[in-house]
Structure formats: structure tokens, C-alpha cells
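Scroll down for the structure; my scribbles are underneath it.
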Amino acid sequence: MVYVESQEGKPLMPCKNVVARLLLKENRAKVKKKTPFTIKLKHKTTTYTQELTLGVDTGGSKIGTAVYNNENGDIIYTSEIEIRNDVSKRMERRCKYRRNRRNRKTIYRKPRFDNRKNSTRKDRFSPTMTSKINSHLEEIKFVKSILPIKNVVLETGNFDTHKLKKPNVKSWGYQKGTLYSYSNKRAYTLKRDNYKCQYCKGKSKDSKLEIHYIVFRNNNGSDEPENLTTLCKNCHDKLHEGKIKLKSGRGKKRLKHISQMNNIRVQLLKLMPKAIETFGYITKENRWNLGLPKTHYNDAITIACCGLPIRNTISKVLFKKCINKGDYQQTKGVRSQKKIPTGKIEGIRKFDKVRYLGNEYFVKGRMSSGYCILMNIHGNKVKFNNAPKGMKTPKMSHCKCLVLVHLIFVCKYIA
């Protein structure tokens, strides 16, 4: 299946491969995109389109999309997008580098603390949330650029975080949470542990009690009471010296993505007021009736067709991965003495799609000496131990650039 654009750049109904081949052979069309393969007509034609519905399976880590033809029951587009979850870590690393640089180069400059207007701006979202919301909008915009979408259906989720912690909570239980009648988490933890050290059980005779994070906060430990324990000062000091060990506690915050999905739902419905909202339990029942396995793009197919029968499905799924716009680091070294090439090297940038030894890969890293590191769509480094002599380390001169990197997405067809 080949996607078609009119002479004016408006999306039309897709055509079969043989029709696209004849149009290109007769010079009545030209190639607009290779992934997904899209042609643009060179002559005027009718703008008749059928009713197409775009289904979006929203998510905090992956998004599924599919387009359903309401007139003949065909699925003409499916994709799965892996969105970014590394924004906060990259910002922390950038903050560390920036603080180091300013301590070296602006040591005699007066401190300025009143120029953080962006952090106090009204209706501001965190960079992570902004990235995730924009990923949803960019994918919807991309699909609308190649297909004449009429309806958009969003599967959203409104999660009850308190009920996820306590499944059997009653209606009156929302007034009495875990910390009800306690001033803070420290008071609750001390009362729960009966004011006794949980390691020595009071054998050290140390009356000074302290609260300890079992999994440290800098290791993504949560601040929930399950990750807190009571220790006496003697045991607490020995623990940090590495002389004793505790049992594992709760690690990553399990409600992090749930709270993000609650915000994504509100923002998408606000930015797309004409979109139709559906829910997960409806998608689950319809998917069972259609006999489809559980995947993000199959959920999107179910959302798009709204439970109606499907005649034909597309044979390929477009897998995408959101990436950063580029490398902002210009130099490396303790004193920033070595410059890093951020532009093209032999016509290739980072994340470009290339062909090497007959297969398609993505550029993970480049060297000024002319060599590069290749990876697959999932970001895993590809090794060429069984390649011919002289080809085990890829050279950029031996790589053929196929698709220049998009600012947000890296795309690849996977059957």
C-alpha cells in the first residue's frame, strides 16, 4: 500500500503498489517519502475521499495508532511509538555540567536568582510531560499529513490512585488515608514500627531513633511508608558505613506513569475538542471479540474500528522511537578542551538511517576518523563479528544514507 498526496499537498486515499509503480514510470508522480512510502501527484485530480477513523491508544511509554476505513472495513495504517522517558535524567546531567562550568568560569560574578520566569509561568508543565504530550500530537499530525482523517478516537484513562493503593477502599475511606491522624510520615513510621529499631530490635540500647530510606531517593526510591523503616542511630550509622544490610524495599514510584496519564488525558481532550473519547474496558471487550492479541497497535485497531468487523489488515507495522533533537554538548574534557563535531561527518548525522552490508540500521555514534557505531530500532548496538575482513567496524564511507533523521521520530518498517 502506497500513500498519495495531491498536487496541492493534500492527502488522498492510498493506492496499490502496482498503481504507484505505473504513476512513477509514466512520470505522473514523484516520491515524497520513503518511510512510509508516499508519492505526490504531478497532475490535478479529484479530491474524493472515504471516511477514515484514526484510533489512538495513548500511553506513558508507548503509543499505538491505527486508521480504519469505515466504508470497506480495511485497516490502512498501523504504528507503535516508543516515547521518551529520559528527559529528567538528561536535564539533571546538564545541570551538573552547567554548575561545574559556572563554578570554574563565573566564580567572581554576583549570583543572580531572580531570572527563573519560565518556572513560575502559568499553566506550565514539566519537560517530561511536555515531551509526552507533544509526542501524541506529532503522531496524530503525521498521520493526518498522509491520510484524509475525518474522525479521531482517543483511548484515555482516568486512574484512581487511592484505589490502586487500597483496592477494597469504601466511599468513606477517601477521607481516611494511610497517614490519617498522623502529622507526617515520620510519625506514622515510628508508630507502625512500635518505636523500635527494626534491625537490632532495641538490643543496642540506643534511644535515638531515625527514619531510613531502604531504597535511596537517588536510586529512584519512593517516599511511601513501605520504603521507610525505623533504625536507631547506631544501626543507621553502621548501615551507611556498609557494615550491615537491610531487606529490599520499594523502588521506583509505581504511580508515576499513572499520574502522568491523568494529565495527558486532560490535555489531549483540551487540545483536541472534536476527538471522541473511549476507555480501556471497552477496548478490551472489543479486542476479545475480534480475536486480536494484546499489543499497542492491536488496541489502536480496536479503538479505530469501534468493535466493527475488520476485512483486511495491513501486513506491516510502522515502529517509531522518539529521540532528542540533537547533541547540545559542544566540547568534552575537564576543561572543555576537546571539541565534539555535532554537524555532518561524511554526510551522516547521528540517528540517520543507513544501509550497511545489505541491512538497515541507525547511526548511534560517529568518530572523526570516519568510523561509526550502528544500532537497531530498539537502541541496541549491532556487532559485526562475522562480517568480512575490513568490515567488522563500520565505516561511514561504506554506509548509504537512506533517511535523514526527523526531529522527533526515527522510523522503520518491521513485518
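Because only heavy atoms are used, hydrogens play no part in the values below, and waters and symmetry mates are left out as well, while side chains stay in.
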- prompt: Can you tell me how far CG of Leu147 sits from OG1 of Thr49, rounded to the nearest 0.5 angstrom?
  reply: 10.5 Å

- prompt: Once you round to the nearest 0.5 Å, how far does OG1 of Thr35 lie from NZ of Lys353?
  reply: 3.5 Å

Working for side chain to side chain contact (heavy atoms under 4.5 Å, CB included), residues Asp57 and Thr65: CA-CA 6 Å; Asp57 178 26; Thr65 59; over 6 Å; no

- request: Hey, could you give me the SG/CZ distance between Cys95 and Arg93, rounded to the nearest 0.5 Å?
  value: 12.5 Å

query: So, Thr229 and Gln198: side-chain donor and acceptor under 3.5 Å apart, yes or no?
result: no

- line: Between the NZ atom in Lys321 and the CZ atom in Phe351, the distance rounded to the nearest 0.5 Å is 8.0 Å

- request: Determine whether the side chains of Asn85 and Lys132 contain a donor N or O and an acceptor N or O closer than 3.5 Å.
  value: yes

task: Could you check Met13 against Leu52 for side chain to side chain contact (heavy atoms under 4.5 Å, CB included), going step by step and ending with a plain yes or no?
output: CA-CA 9 Å; Met13 296 300 296; Leu52 302 181; 3.9 Å; yes

- prompt: When rounded to the nearest 0.5 angstrom, what is the spacing between OG1 in Thr189 and CG in Asn227?
  reply: 10.0 Å

- request: Kindly indicate whether the side chain of Thr331, heavy atoms from C-beta on, has any atom under 4.5 Å from the side chain of Lys338.
  value: no

message: Between Thr53 and Asn70, do the side chains contain a donor N or O and an acceptor N or O under 3.5 Å apart?
response: yes

field: N/O donor-acceptor pair under 3.5 Å between Asp193 side chain and Lys196 backbone
entry: no

- request: On the 0 to 90° scale, with breaks at 30° and 60°, tag the His212-Phe216 ring pair as parallel, tilted or perpendicular.
  value: perpendicular

message: What verdict does the salt bridge (Lys or Arg N to Asp or Glu O under 4.0 Å) test give for Lys208 and Asp206, after you've listed the backbone C-alpha separation in whole Å, the side-chain angles of each residue and the deciding distance to 0.1 Å?
response: CA-CA 6 Å; Lys208 187 174 182 180; Asp206 191 349; over 6 Å; no

- request: Would you mind reporting whether Ile244 and Cys235 have side-chain heavy atoms less than 4.5 Å apart?
  value: yes

message: Exactly one of Thr58, Ile81, Ile140 should register a side chain to side chain contact (heavy atoms under 4.5 Å, CB included) with Ile63. Which one does?
response: Ile81

message: Run the side chain to side chain contact (heavy atoms under 4.5 Å, CB included) test on Glu5 and Leu12 for me, step by step, so that the C-alpha distance in whole Å, both residues' side-chain angles and the decisive distance to 0.1 Å come before the verdict.
response: CA-CA 5 Å; Glu5 285 187 8; Leu12 301 176; over 6 Å; no

- request: Check the pair His296 / Glu80 against side-chain hydrogen bond (donor to acceptor under 3.5 Å, both in side chains), numbers first and verdict last.
  value: CA-CA 7 Å; His296 291 280; Glu80 184 174 309; 5.3 Å; no

- prompt: Does a sphere of radius 6.0 Å around CZ in Arg99 hold more than 12 heavy atoms from other residues, nucleotides or ligands, not counting ones at 6.0 Å or beyond?
  reply: no

- request: Fit a plane to each ring of Tyr356 and Phe384, take the angle between them on a 0 to 90° scale, and name the class: parallel (under 30°), tilted (30 to 60°) or perpendicular (over 60°).
  value: perpendicular

- prompt: What distance do Tyr297 atom OH and Leu292 atom CG have between them, rounded to the nearest 0.5 Å?
  reply: 10.0 Å

- prompt: Heavy-atom count around Lys238 NZ within 6.0 Å, excluding the residue itself: above 12?
  reply: no

- line: Quick note, ring pair (Phe, Tyr, Trp, His ring centres under 6.0 Å) partners involving residues 186-207, not counting sequence neighbours, are Tyr182-Tyr188

message: I'd like to know if the side chain of Arg287 reaches the main chain of Ile303, judged simply by a donor and an acceptor atom lying under 3.5 Å from each other, with no hydrogens or angles considered.
response: no

query: So Asn69 and Asn72, side-chain hydrogen bond (donor to acceptor under 3.5 Å, both in side chains) or not? Walk me through it.
result: CA-CA 6 Å; Asn69 191 333; Asn72 56 22; 3.3 Å; yes

message: For a side chain to side chain contact (heavy atoms under 4.5 Å, CB included) check, start with the C-alpha distance between Thr278 and Ile276, then their side-chain angles and the critical distance, and finish with the verdict.
response: CA-CA 7 Å; Thr278 186; Ile276 303 170; 5.9 Å; no

